[in-house]
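See structure below.
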Amino acid sequence: QVQLVESGGGLVQAGGPLRLSCALPGRTFATYAMGWFRQAPGKEREFVAAVSRGGATTDYADSVKGPFTLSRDDAKNTVLLQMNSLKPEDTAVYYCAADQHWYALVSGAGVTYWGKGALVTVSS
């Protein structure tokens, strides 16, 4: 059973940065598109960002374009979500996701692997 391992969540003041990482142990990391979703209290889970196999393509939700940057390091089997200029409305549980098919990943409907979630709290 493949498990995604997330780290980096925590409490940060508004305007500050935070970085989330997600690891997919094993030798098949490079064959997966990777992404992040988030779920705020009382809201539906929503797409945040995704990066394709090889890293040539990235996609971001409009609400995070600019302040958030997603990158991948295939040598370390890891993706990094750098979040800058955080706002209280960015408070949510952030979930890492992996799928070998791009559209399944960005839609969130057919994701193969999910992480357990990392809580990000932005104080005002």
Side-chain angles (χ1 to χ4, degrees):
Q1 179 69 27
V2 176
Q3 284 193 322
L4 299 174
V5 180
E6 300 146 329
S7 61
L11 174 65
V12 63
Q13 286 189 332
L18 202 63
R19 189 172 68 177
L20 298 177
S21 66
C22 175
L24 177 60
R27 294 177 291 177
T28 61
F29 177 81
T31 69
Y32 284 85
M34 302 292 295
W36 289 90
F37 289 73
R38 68 185 181 186
Q39 186 167 19
K43 295 188 176 181
E44 296 289 319
R45 185 171 60 193
E46 64 177 1
F47 170 78
V48 175
V51 59
S52 63
R53 293 178 287 183
T57 301
T58 54
D59 192 18
Y60 297 90
D62 288 342
S63 59
V64 304
K65 280 182 181 176
F68 287 22
T69 303
L70 181 62
S71 60
R72 66 185 295 153
D73 185 338
D74 286 356
K76 297 182 179 179
N77 289 359
T78 301
V79 289
L80 297 174
L81 181 66
Q82 179 66 44
M83 304 182 291
N84 297 325
S85 303
L86 283 162
K87 305 172 184 178
E89 51 263 44
D90 292 317
T91 295
V93 177
Y94 285 69
Y95 296 92
C96 184
D99 201 279
Q100 291 183 314
H101 302 286
W102 177 253
Y103 290 106
L105 177 67
V106 297
S107 71
V111 171
T112 302
Y113 301 115
W114 290 98
K116 293 183 178 181
L119 177 62
V120 172
T121 304
V122 184
S123 63
S124 57

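Judged as a ring pair (Phe, Tyr, Trp, His ring centres under 6.0 Å), the pairs with a partner in residues 39-60 (not counting sequence neighbours) are, in order, Phe37-Phe47. The salt bridge (Lys or Arg N to Asp or Glu O under 4.0 Å) pairs that include a residue from residues 58-69 are Asp62-Lys65, where partners are two or more places apart or lie in different chains. The disulfide bond (SG atoms under 2.5 Å apart) contacts involving residues 39-86 comprise nothing, where partners must be two or more places apart or lie in separate chains. Residues in residues 49-86 take part in no disulfide bond (SG atoms under 2.5 Å apart) pair, two or more places apart or across chains.
Side chains of Thr78 and Asp73: no donor on one and acceptor on the other come within 3.5 Å. Counted by atom type alone, Thr31 and Gln100 present one or more donor-acceptor pairs between their side chains at under 3.5 Å.
Side-chain atoms of Arg45 and Trp114, non-hydrogen and from C-beta on, do get closer than 4.5 Å to each other. Under the 4.5 Å side-chain criterion, counting only non-hydrogen atoms from C-beta, Thr91 is not in contact with Val120. When side chains are defined from C-beta on, Gln3 does not count as touching Tyr113, because their heavy atoms never get closer than 4.5 Å.
Of all the heavy atoms in Val106 and Ala50, the pair that sits closest is CG1-CB, 3.8 Å. In terms of heavy-atom proximity, Pro25 sits nearest to Ala23 at CD-O, 3.5 Å.
Interatomic distance, Trp36 CH2 to Glu46 CD, rounded to the nearest 0.5 Å: 14.5 Å. Note that CZ of Phe29 and SG of Cys22 are 7.5 Å apart. Values are rounded to the nearest 0.5 Å. Here the straight-line distance linking atom CG of Leu81 with atom CZ of Phe68 works out to 6.0 Å at 0.5 Å rounding.
Taking the side chain to side chain donor-acceptor pair (under 3.5 Å) definition, one finds that Lys87 meets it with nothing, sequence neighbours left out. Looking at residues two or more places apart in sequence or on another chain, you find a side chain to side chain donor-acceptor pair (under 3.5 Å) between Asp74 and Arg72. Remark: Gln39 pairs with no residue by the side chain to side chain donor-acceptor pair (under 3.5 Å) rule, at least two apart or across chains. With sequence neighbours excluded, the residues that form a side-chain contact (heavy atoms from CB on, under 4.5 Å) with Thr57 are Ser52, Trp102. In this structure Asp90 satisfies the salt bridge (Lys or Arg N to Asp or Glu O under 4.0 Å) test together with Arg38, sequence neighbours excluded. For Tyr95, there are no side chain to side chain donor-acceptor pair (under 3.5 Å) partners at least two apart in sequence or on another chain.
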Please list, one pair per line, the donor and acceptor atoms closer than 3.5 Å that link side chains of residues 4-21 to other protein atoms, with sequence neighbours excluded.
{"unit_1": "Glu6", "atom_1": "OE1", "unit_2": "Lys116", "atom_2": "N", "d": "3.2"}
{"unit_1": "Glu6", "atom_1": "OE1", "unit_2": "Gly117", "atom_2": "N", "d": "2.5"}
{"unit_1": "Glu6", "atom_1": "OE2", "unit_2": "Cys96", "atom_2": "N", "d": "2.7"}
{"unit_1": "Glu6", "atom_1": "OE2", "unit_2": "Gly117", "atom_2": "N", "d": "3.4"}
{"unit_1": "Ser7", "atom_1": "OG", "unit_2": "Ser21", "atom_2": "OG", "d": "2.6"}

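Using a 4.5 Å cut-off between side-chain heavy atoms of Ile, Leu, Val, Met, Phe, Trp and Tyr, with links allowed through other members, Val79 and Leu105 fall into different hydrophobic clusters. With hydrophobic clusters built from ILVMFWY side chains whose heavy atoms lie under 4.5 angstrom apart, Val48 shares a cluster with Leu86. Under the 4.5 Å side-chain heavy-atom criterion for grouping Ile, Leu, Val, Met, Phe, Trp and Tyr, Leu24 is connected to Val51 within one hydrophobic cluster.
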